[in-house]
Amino acid sequence: MATSAGSRLSLAERVRAPEAVEAPDDQLGLRWRPLGADDADAILDLVARSTAADRPMSAPSPAQVTDALDPARTMVMDSLGGFADGGDDDEAALQAVGVVYMPSGDTDIVRVFLTGTVAPAWRGRGIGSALLRWQVGRARQLLAADDRDLPARIATYVDEQMTERRQLLTDAGFRAKRVFQEMRRPVSAPLPEAPVSAGIRIVNWTRELDDEVRHAHNEAFADHWGSQPMSLESWRRVNREVEPRWSKVALARTSDGTEEVAGYAMTSRHQHSWVQLGFSEGYTELVGVRRAYRGHGIARALLVAVIRTLAEDGIDSAGLDVDTVNPSGAHHFYERLGYEREGARTLYTIEI
Ligand SMILES: CC(C)(COP(=O)(O)OP(=O)(O)OC[C@H]1O[C@@H](n2cnc3c(N)ncnc32)[C@H](O)[C@@H]1OP(=O)(O)O)[C@@H](O)C(=O)NCCC(=O)NCCS
């Protein structure tokens, strides 16, 4: 039906969700079913085979896979695994996986993210594009069922060197939306002095500080492109492998004599990735300084403190990623601190 000028279509109308979505055809050689907590080892085995071939900038850790499949999670998620029939070499092995999930807590735009992989030996047969069709169909259905009626986005990250996957996404109607640059520096490179003003001190992150840090993060990133408030569950998932000594919090004395969180640098130990990297690394997932405290060297002091502790702990490298068009100029700031570009991943999206 034609819409009169000025009227607005609801998300459920705009999203054009299919009534039914089909798993990839059995003719492609795999049998499909949703994945559950018991499949964690099979997923990690598939991820290891794909990682060896693709050498992605990051791969999910055992803890992240277990969390994603945890039946107690509240995050909306669906998945499909493709299993080969038992042969001599790969008895009923998992050869492809597609996941669709919605982070909880989005307030301005509802996002559905897609992740997945096809085992190297099973590529080139149309499985990836069939799986992507299922994922996009399910994403549309999840969005149609959401009652927030906001702008919406179906999104997935792709490493810049994965040209086949980028083509697959473009063919399916995705467009490159934003580029995130991966950066790292050896911790042994010289560090500048990083003084902070009186009334500010840098401490290690603790569980007791965690909720205040999460709120400071949601405030610092409130107008950061693509960012949405992190629920406790999303925050815990991102910081699942946080290393307290490598994560720093800037505390500021307030006029009533108490202290509040001014900024933070949350750093993880993704030890599962060190073998592929060939060195050890502390990976800073999130850096932020609340607006009222910006421009006083707090971010610089936080990162310098992170790097110094990594060096003390015998770790080789400090890593992080940054939105290349970050309006705070963060990417030049990291360069001035000695971080260098190691690669990039692009966020491909369908905007609805
Ligand atoms: C980026 C951010 C963490 C900087 O915090 P900050 O405490 O104000 O930063 P500092 O005072 O330590 O300054 C760090 C550097 O950034 C530069 N900088 C700070 N604000 C800037 C701005 N608005 N534009 C350009 N450069 C800026 C400073 O000159 C400084 O450079 P230098 O140390 O090489 O001289 C803060 O703006 C923020 O939280 N932004 C929103 C979240 C975000 O973008 N996080 C990074 C995501 S990758």
Side-chain angles (χ1 to χ4, degrees), residues 57-58 103 105 107-109 155 157 160 177-185 189-203 205 209 212-230 234-235 238-239 242 246-254 259-268 270 281-309 317-347:
M57 283 187 296
S58 65
T107 52
D108 301 327
I109 180 166
Y157 291 94
E160 62 184 347
K177 184 76 175 169
R178 204 85 168 185
V179 177
F180 296 82
Q181 186 168 294
E182 192 84 359
M183 303 183 85
R184 61 171 50 104
R185 84 186 302 279
L191 275 170
E193 288 305 311
V196 282
S197 0
I200 307 275
R201 64 188 181 112
I202 307 285
V203 299
W205 172 90
L209 284 171
E212 206 188 328
V213 173
R214 179 172 69 92
H215 282 106
H217 167 79
N218 285 341
E219 186 187 318
F221 275 71
D223 51 9
H224 189 76
W225 187 89
S227 183
Q228 290 291 294
M230 273 204 212
S234 300
W235 176 259
V238 169
N239 294 301
V242 66
W246 305 349
S247 299
K248 306 292 174 183
V249 180
L251 294 176
R253 174 128 336 112
T254 59
E259 285 186 313
E260 64 180 15
V261 171
Y264 56 90
M266 299 295 290
T267 306
S268 303
H270 295 310
E281 181 165 85
Y283 191 85
T284 302
E285 311 281 354
L286 300 165
V287 187
V289 173
R290 291 170 59 206
R291 195 164 284 281
Y293 292 102
R294 289 187 191 164
H296 297 289
I298 292 179
R300 187 179 158 104
L302 286 163
L303 285 176
V304 166
V306 169
I307 297 164
R308 282 199 205 291
T309 309
S317 162
L320 45 73
D321 77 348
V322 58
D323 177 349
T324 47
V325 291
N326 184 313
S328 316
H331 130 248
H332 297 298
F333 155 51
Y334 299 147
E335 276 171 0
R336 290 194 294 275
L337 263 185
Y339 289 85
E340 288 178 11
R341 185 188 196 278
E342 282 287 322
R345 64 172 74 87
T346 303
L347 183 71

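This one's a predicted model, so the numbers in the text were calculated from it and none came from an experiment. Whatever order the structure lists ligands and atoms in, that order sets their numbers, starting from 1.
Note on Glu340 versus Arg185: no salt bridge recorded, every NZ/NE/NH1/NH2 to OD/OE distance being 4.0 Å or above. Between Glu182 and Arg345, at least one side-chain nitrogen of the basic residue sits less than 4.0 Å from a carboxylate oxygen of the acidic one, meeting the salt-bridge criterion. For Asp223 and Arg291, the salt-bridge test passes: some basic side-chain N is under 4.0 Å from an acidic carboxylate O.
A donor atom on one side chain and an acceptor atom on the other are found under 3.5 Å apart for Ser268 and Glu285. If you check the side chains of Glu260 and Tyr293, you find a donor sitting under 3.5 Å from an acceptor.
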Give the C-alpha distance, both sets of side-chain angles, the deciding distance and a yes or no for side-chain hydrogen bond (donor to acceptor under 3.5 Å, both in side chains) between Thr309 and Lys248. CA-CA 10 Å; Thr309 309; Lys248 306 292 174 183; 2.9 Å; yes
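A heavy-atom cutoff of 4.0 Å around ligand 1 is satisfied by the protein residues Ala220, Phe221, His224, Val287, Gly288, Val289, Arg294, Gly295, His296, Gly297, Ile298, Ala299, Arg300, Asp321, Val322, Asn326, Ser328, Phe333, Tyr334, Arg336.
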